[in-house]
Amino acid sequence: MVGSAIVRELRRQGYGCIVTRTHSELDLTDQRAVDAFFAAERPEYVFLAAAKVGGIEANASAPADFMYQNMMLEMNVIHAAWRHGCRKLEFLGSSCIYPRMAPQPMPESCLLTSSLEQTNEAYALAKISGLKYCEYLNRQYGTDFISVMPTNLYGPNDNYHPTHSHVLPALIRRFHEAKVAGAAEVACWGDGSPLREFLYVDDLAELCVFLMNNYSGNETVNAGTGREISIRELTSLVASVVGYEGRITWDTSKPNGTPRKLLDVSKAAGLGWTARTPLREGIALAYADFLSNPARAER
């Protein structure tokens, strides 16, 4: 999702020499393959958007996989970029790197100040390691490797898997299927109280290209909207956009996750960037994308 959005943004801005690889073409957890790719292509600028991602259930059921695959792929790419003289690299992480009970909104400076959310700790530790490796290379070798930490993302090419996706695409699929089936009710996880922030992926892509051209530094940059919504309100909004008119119930035996996750985006704003896509409009665009490719929903 993120990689394709960055490619769209680069092309929109007129960049032509863009080198990409799909997972089937290049396994980023294979160190030799990654090194061979960098030796052959010699990219000057690298956006590292690849990751193994998923929602609460996916993270909780396979923490070892999330840690290993993310650690391997990011270390391989960052190390190869340094080894082969890449001019600049941008590493994309996640807002889950911040402590579970971080001050709200969460500033970049609160990283590693207290314990992480247990439901996605493995993924967070991997992302923190990637961020820190970029920082250490900058300090030791004078590289220009930066990082950006997005909030919850959604949009074209998202993962709509029924159990392994994130909350917003999962709700899109759930309400769509309920509408088609004429279901009287839809059950959602938790009690609906957690507060979350959602950023349309094309807005993130615009920031990523902007930072590549305009920012250097060891501290990461938060990417979000600065606005939050409760999961309960979000479900009603998604149901409205999809056109589902049945009842919404809550399964409180399921976890809520972190109570609140709002990013402090004043740093990005100070650099000259602000998210532009309203949430309802973005959800409508994401739903249209879901409908345009039925096979995507089966991933």
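Throughout, numbering of the chain's residues begins at 1 and tracks the sequence.
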Exercise. Using a 4.5 Å cut-off on heavy atoms from C-beta on, say whether the side chain of Phe175 contacts that of Ile248.
Key: yes
Exercise. Answer with yes or no whether the side chains of Tyr154 and His166 bring together a donor and an acceptor at under 3.5 Å.
Key: no
Quiz prompt | Leu131 backbone acceptor or donor facing Ser147 side chain under 3.5 Å | solution = no
Practice problem: Let me see the working for Cys96 and Lys261 under side chain to side chain contact (heavy atoms under 4.5 Å, CB included), right down to the final yes or no. | Solution: CA-CA 8 Å; Cys96 72; Lys261 283 176 62 178; 4.0 Å; yes
Practice problem: Might you point out which heavy atoms bring Met75 and Ser129 nearest each other, and give the distance in Å? | Solution: CE-O, 3.5 Å
Quiz item: Would you find a donor on one side and an acceptor on the other, under 3.5 Å apart, between the side chain of Lys179 and the backbone of Gly246?
Solution: no
Self-check item: Non-hydrogen atoms of Pro43 and Val46 that approach each other most closely
Solution: CG-CG2, 4.0 Å
Exercise. Evaluate side chain to side chain contact (heavy atoms under 4.5 Å, CB included) for Glu90 paired with Tyr215, printing each intermediate quantity in order.
Key: CA-CA 10 Å; Glu90 183 176 303; Tyr215 177 75; over 6 Å; no
Quiz item: Can you hop from Val209 to Tyr200 via hydrophobic side chains spaced under 4.5 Å?
Solution: no
Quiz item: If you take all heavy atoms of Thr119 and Asn59, which pair is closest and at what distance?
Solution: O-CB, 3.2 Å
Self-check item: Spacing of His23 atom NE2 and Arg21 atom CZ [to the nearest 0.5 Å]
Solution: 14.5 Å
Exercise. Please answer whether the main-chain N or O of Ala102 pairs with a side-chain N or O of Gln104 as donor and acceptor at a distance below 3.5 Å.
Key: yes
Self-check item: Heavy-atom donor-acceptor pair, Glu228 side chain to Leu195 backbone, under 3.5 Å
Solution: no
Quiz prompt | Side chains of Pro259 and Arg100 in contact at under 4.5 Å (non-hydrogen atoms) | solution = yes
Self-check item: Between His79 and Asp35: side-chain donor-acceptor atoms closer than 3.5 Å
Solution: no
Quiz item: Backbone N or O of Pro278 within a donor-acceptor pair of the Glu281 side chain at under 3.5 Å?
Solution: no
Exercise. Determine yes or no for a side-chain-to-main-chain donor-acceptor pair under 3.5 angstrom, with Lys52 supplying the side chain and Asp65 the backbone.
Key: no
Quiz item: Among Trp82, Phe47, Phe145, whose side-chain contact (heavy atoms from CB on, under 4.5 Å) with Leu89 holds?
Solution: Phe145
Self-check item: Ile78 with Met149, same ILVMFWY side-chain cluster at under 4.5 Å
Solution: yes
Quiz prompt | Nearest-0.5 Å distance that lies between atom CE in Met1 and atom CD1 in Ile6 | solution = 10.5 Å
Exercise. Please step through side chain to side chain contact (heavy atoms under 4.5 Å, CB included) for the pair Thr151 and Val265, ending with a clear verdict.
Key: CA-CA 10 Å; Thr151 188; Val265 294; over 6 Å; no
Quiz item: Just wondering, are more than 12 heavy atoms of other shown residues or ligands nearer than 6.0 Å to CD in Gln31?
Solution: no
Exercise. Check whether more than 12 heavy atoms from other residues, nucleotides or ligands sit under 6.0 Å from atom CZ of Arg12, and answer yes or no.
Key: yes
Practice problem: Could you grab the distance from atom NZ of Lys127 to atom CG of Asn120, nearest 0.5 Å is fine? | Solution: 12.0 Å
Exercise. With rounding to the nearest 0.5 Å, note down the distance linking CG in Leu125 to NZ in Lys132.
Key: 13.0 Å
Exercise. Report, as yes or no, whether the 6.0 Å neighbourhood of atom CZ on Phe210 holds more than 12 heavy atoms from other residues, nucleotides or ligands.
Key: yes
Quiz item: Closest approach of Arg280 and Leu237, non-hydrogen atoms and distance?
Solution: NH2-CD1, 3.3 Å
Exercise. Check for a donor-acceptor pair, side chain of Arg83 on one end and backbone N or O of Ala39 on the other, with a separation under 3.5 Å.
Key: no
Quiz prompt | Note, Asn152 side chain near Leu168 side chain (heavy atom, < 4.5 Å) | solution = no
Self-check item: Any donor-acceptor pair under 3.5 Å from Asn76 side chain to Thr29 backbone
Solution: yes
Quiz item: Does a side-chain N-to-carboxylate-O contact under 4.0 Å join Lys267 and Glu219?
Solution: yes
Quiz item: In terms of hydrophobic clustering (I, L, V, M, F, W, Y; side-chain heavy atoms under 4.5 Å; direct or indirect links), are Val241 and Leu199 co-clustered?
Solution: no
Quiz prompt | Test item: Tyr45 and Met212 side chains (from C-beta on) under 4.5 Å apart, heavy atoms | solution = yes
Quiz item: For residues Tyr98 and Asn222, is any side-chain donor paired with an opposing acceptor at under 3.5 Å?
Solution: yes
Exercise. Give a yes or no on whether Phe66 and Leu73 share a hydrophobic cluster (residues Ile, Leu, Val, Met, Phe, Trp, Tyr; joining criterion: side-chain heavy atoms under 4.5 Å apart).
Key: no
Self-check item: Flag if over 12 foreign heavy atoms under 6.0 Å of CD, Glu245
Solution: no
Exercise. Measure the shortest side-chain to side-chain distance between Leu111 and Thr220 over non-hydrogen atoms and say whether it is less than 4.5 angstrom.
Key: no
Quiz item: Is the side chain of Tyr244 donor-acceptor paired with the backbone N or O of Glu185 at a distance under 3.5 Å, no angle test?
Solution: yes
Quiz prompt | Chi angles and distances behind the side chain to side chain contact (heavy atoms under 4.5 Å, CB included) call for Leu271, Leu207 | solution = CA-CA 10 Å; Leu271 293 168; Leu207 174 63; over 6 Å; no
Quiz prompt | Heavy-atom closest pair, residues Arg173 and Tyr160 | solution = CD-O, 2.9 Å
Quiz item: How long is the gap from CG on Asp144 to CG on Leu137, to the nearest 0.5 Å?
Solution: 12.0 Å
Quiz item: Crowded around Met101 CE? As in, over 12 foreign heavy atoms under 6.0 Å?
Solution: no
Exercise. Determine the minimum heavy-atom distance between Tyr123 and Ser94, stating which atoms define it.
Key: CE2-CB, 3.7 Å
Practice problem: Verify whether one side chain among Asn256 and Asp191 offers a donor that lies under 3.5 Å from an acceptor in the other. | Solution: yes
Quiz item: Is it the case that one hydrophobic cluster holds both Tyr133 and Ile97, taking links as side-chain heavy atoms less than 4.5 Å apart, direct or via other members?
Solution: yes
Quiz prompt | Pairwise side-chain contact, Phe38 with Val77, heavy-atom cut-off 4.5 Å (strictly under) | solution = yes
Self-check item: Between CD on residue Glu197 and CG on residue Leu263, distance to nearest 0.5 Å
Solution: 5.0 Å
Quiz item: Is there side-chain contact between Leu211 and Lys88, with at least one heavy-atom pair below 4.5 Å?
Solution: no
Quiz item: Do the non-hydrogen side-chain atoms of Glu206 and Arg276 ever get within less than 4.5 Å of each other?
Solution: yes
